[in-house]
Amino acid sequence: MAKRIERIRNIGIIAHIDAGKTTLTERILYYTGRSHKMGEVDEGTAVMDWMPQEQQRGITITAAVTTCHWMDHEIHIVDTPGHVDFTIEVERSLRVLDGAVVVFSAVEGVESQSETVWHQSDRYGIPRVVFINKMDRIGADFHRTVEMMRDKLGCQPVPLQIPWGQEDRFVGVVDLLEMKAIRWYEETLGATFEKVQIPAELMEEASKYREELLEALADRNDRIAELYLAGEAIEGSLLLDEIRRGTLSFDLVPVFCGSALKNKGVQPLLDAVVRFLPSPADIPPVRGQVPGEDRWEERPSTDEAPLAALAFKVAMDQGRKLVYLRIYSGTMEAGQEVYNATQRKREKVARLLQMHANKRERIPKAGAGSIVAAVGLKETVTGDTLSSEAHPILLESIQIYEPVISVAVEPRTRADQERLDFALRKLAEEDPTFRVKEDEETGQTIISGMGELHLEILVDRMRSEYNVGVNVGRPQVVYRETVDAAAEQEARFEREIQGSLQKGHVRLRVEPLPRGQGNRISIECPVKEIPEAYHDAVRQGIEEACYSGVLRGYPVVDVHARVLGGSYQEGASTELAYKVAASMAFREACEAATPILLEPIMRVNVLVPSEFLGEVIGDLNARGGKVEGIESKGVIQDITVLVPLRRTFGYSTALRSLTQGRATFSMHFSHFDRTE
């Protein structure tokens with residue numbers, strides 16, 4: 001009997017917006033018996049899209065977690081958003097998952113956001129299987145999508161199925177491992193299906209792809225190669241084992257197909273999740289730093305190891321704070337005291353919950369490999385590590401994206417002011433890409449996020465969940481500042497504070513760095529001028545000065561600050577004085593080094609029918625867009641263009657009117673560049 005942990009799968013459903021992730025997840029829940037009614041995204045009845053904002057817009061906004069069972073395995077599923085404004089939800093989900101099902105639309109193929117999530121999963125080392133969805137749609141092309149995977153993603157797709165018909169003639173799939181055709185029954189909503197002989201007209205194509213599959217596996221496995229060359233039958237278990245090995249080593253990507261909306265192709269995909277994606281026992285032990293020490297430790301995925309869990313999401317549910325956790329090692333019990341190693345505080349787990357979207361089930365205990373939610377963790381935020389105090393560990397945190405767009409919000413009445421402060425605090429606790437600050441000059445409250453839709457949803461939630469009356473200003477772009485030349489300055493700080501003289505003297509040079517390099521600080525002065533004990537204070541002064549530039553107070557990026565000298569006076573030089581002097585010298589050097597503004601540039605992908613191509617490109621040119629490429633996909637043209645964010649406001653409305661509502665677009669942040 002396999003151990004419990006070997007029968008767990010932690011998977012994410014990831015894809016471009018509108019590829020059918022949530023529809024697929026709804027079918028999975030129905031066929032595994034987790035839900036007894038099939039939810040539909042278009043009707044606003046999807047179990048996983050439970051937020052009112054998701055149901056109204058027909059899109060996924062927040063990553064929803066659920067658990068189901070298949071082939072005696074426990075599958076934890078995270079259904080993630082496809083819209084780029086909510087990419088943090090994908091990022092923090094991938095951080096804690098072991099495997100992923102990537103969904104591509106057979107009509108559009110590999111789209112821009114598909115590439116983004118693919119590379120996100122590359123970064124976290126997540127094995128994947130692919131489901132090519134929407135085989136029933138006009139323009140569906142399975143083989144073109146497989147080729148796009150090779151060309152755009154640089155992977156080796158291995159089709160384990162080919163479609164049986166396509167567009168309105170899509171009937172089912174041909175299984176290349178068993179060499180059988182599978183047909184689903186409409187009257188049971190796809191819950192039942194039968195395996196039949198491959199139709200004669202498909203036999204030649206099926207044999208060709210079966211040969212390609214065997215060749216790919218024979219290249220990897222000597223035993224399969226021997227049997228293949230001898231023309232002997234190859235056991236299915238031998239093929240399955242090699243496909244699993246290839247998937248876990250990222251050499252192969254198994255490809256399946258179907259139509260989630262028409263209830264076809266889902267059960268073989270579930271079989272693939274169990275057969276080919278890793279259990280927590282298959283992944284390397286998680287590594288983390290011992291707090292306060294320059295030492296790293298590993299935690300194996302067993303219940304017996306010391307506790308190590310990562311908080312990957314915080315949500316407010318009916319006024320209560322839920323913290324979603326991935327337990328990597330050890331166990332956690334309701335009522336247990338745990339140690340937040342990130343904040344170095346003790347916390348108490350009041351209750352443990354197994355989540356099914358927004359529904360919950362209390363559980364007494366959770367072990368290694370589990371994804372659960374906890375109530376009672378007052379201080380814990382996204383990215384914190386929970387461990388045992390006797391064996392503390394700090395796991396790698398979650399990459400947080402910087403916001404690119406801001407709006408001003410103000411309460412309508414005095415009564416709304418208190419509710420607004422409370423709502424902003426709670427929303428910021430949930431979403432690390434949402435920032436709140438007060439404009440010192442105007443006194444306005446400025447909220448910043450990842451895009452227009454992101455902020456629109458947050459304002460909607462303030463009104464509906466927190467009953468706050470708010471007025472919203474026009475969107476404002478969040479710029480960055482940098483320097484266009486090199487300059488050298490020095491600054492002295494000399495002041496009597498609480499009866500003692502504090503002195504600091506720093507001389508530094510600032511130089512521009514290439515775009516996207518970030519900031520660099522190097523201390524190159526002789527130790528006698530600034531002793532090593534004060535180097536951290538100098539760095540801190542420069543880092544704090546980078547938060548607010550000299551032009552308009554935006555963060556400073558892509559600058560190399562080289563500390564060249566200073567002076568030291570024993571008994572008078574202090575950390576505070578060096579910190580202030582470094583900050584002053586940096587600001588003065590930036591003022592002398594031709595400071596310039598950088599604006600966010602967005603990469604926009606527009607899918608437009610050919611007859612509207614000229615009008616759409618004309619409009620993009622008028623917005624300062626630089627067309628990078630146009631790819632023909634039959635009657636549809638795929639335009640990739642770089643556009644300044646400030647010129648994209650209202651683009652969805654303009655595109656609809658230009659193309660009679662027939663074009664779609666997606667947009668994500670590309671880079672910062674100087675304003676034109």
Side-chain angles (χ1 to χ4, degrees), residues 17 22 41 44-65 78-93 311-324 355-360 373 375 380-382 400-413 415-438 444-476 478 649 652:
I17 189 168
T22 301
V41 174
T45 57
V47 174
M48 301 302 276
D49 284 352
W50 56 270
M51 289 172 68
Q53 292 81 4
E54 294 177 314
Q55 291 165 356
Q56 288 158 14
R57 290 170 172 81
I59 61 170
T60 303
I61 291 166
T62 182
V65 179
V78 181
D79 175 30
T80 63
H83 198 288
V84 68
D85 282 18
F86 310 105
T87 193
I88 182 62
E89 293 287 335
V90 184
E91 187 78 27
R92 58 185 172 187
S93 302
F312 69 95
K313 178 178 164 75
V314 172
M316 297 298 160
D317 187 18
Q318 299 168 358
R320 285 201 183 89
K321 178 178 173 181
L322 287 182
V323 178
Y324 287 79
M355 298 303 294
H356 176 48
N358 63 332
K359 297 182 177 64
R360 57 184 74 175
V375 177
T380 301
V381 297
T382 300
I400 304 299
Y401 294 88
E402 288 300 313
V404 295
I405 187 169
S406 299
V407 295
V409 292
E410 58 182 34
R412 287 187 182 152
T413 66
D416 284 322
Q417 179 66 59
E418 273 185 37
R419 287 199 293 270
L420 175 63
D421 292 343
F422 177 77
L424 292 173
R425 199 165 61 248
K426 293 297 180 188
L427 290 170
E429 216 172 312
E430 279 189 43
D431 185 348
T433 60
F434 174 56
R435 307 285 167 81
V436 183
K437 71 171 186 179
E438 190 171 300
Q444 286 180 305
T445 300
I446 308 293
I447 61 173
S448 306
M450 300 304 295
E452 281 184 279
L453 181 63
H454 185 204
L455 293 182
E456 188 187 314
I457 297 287
L458 289 165
V459 169
D460 195 10
R461 289 186 60 196
M462 284 180 221
R463 290 172 177 148
S464 59
E465 290 176 33
Y466 296 96
N467 195 26
V468 181
V470 285
N471 295 321
V472 182
R474 288 193 60 192
Q476 299 292 317
V478 180
F649 296 143
S652 55

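Model, not experiment: these values are computed from the prediction. Scope of the values below: all heavy atoms of this structure, side chains included, with no hydrogens, waters or symmetry mates.
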Measure the CG-CZ distance between D421 and R425 for me, rounded to the nearest 0.5 Å.
7.5 Å
What closest approach, in Å, do L455 and S448 show between heavy atoms, and which atom pair accounts for it?
CD2-C, 3.8 Å
Do V470 and D416 come within less than 4.5 Å of each other through their side chains, counting heavy atoms only?
no
So L322 and V375, do their side chains get closer than 4.5 Å, heavy atoms only?
yes
Determine whether I446 and E438 make a side-chain contact, defined as any pair of heavy atoms from C-beta on separated by less than 4.5 Å.
no
Of all residues at least two apart in sequence or in a different chain, which pass the side-chain contact (heavy atoms from CB on, under 4.5 Å) check with N471?
E410, R412
Are the side chains of Y466 and L420 in touch, meaning some heavy atoms are under 4.5 Å apart?
no
Report yes if the side chains of V323 and K321 come closer than 4.5 Å at any heavy-atom pair, otherwise no.
yes
Apply the test side chain to side chain contact (heavy atoms under 4.5 Å, CB included) to residues L424 and M462: give CA-CA distance (whole Å), side-chain angles for both, the deciding distance (0.1 Å), then the verdict.
CA-CA 8 Å; L424 292 173; M462 284 180 221; 3.6 Å; yes
Euclidean distance, Q417 CD relative to F422 CZ, rounded to 0.5 Å:
14.5 Å
Are I447 and V407 side-chain neighbours, meaning at least one heavy-atom pair lies under 4.5 Å?
yes
With a 4.5 Å cut-off on side-chain heavy atoms, are F312 and T382 touching?
no
Which atom names give the shortest non-hydrogen contact between N467 and R419, and what distance separates them?
O-NE, 2.9 Å
Do L458 and F434 have side-chain heavy atoms sitting under 4.5 Å apart?
yes
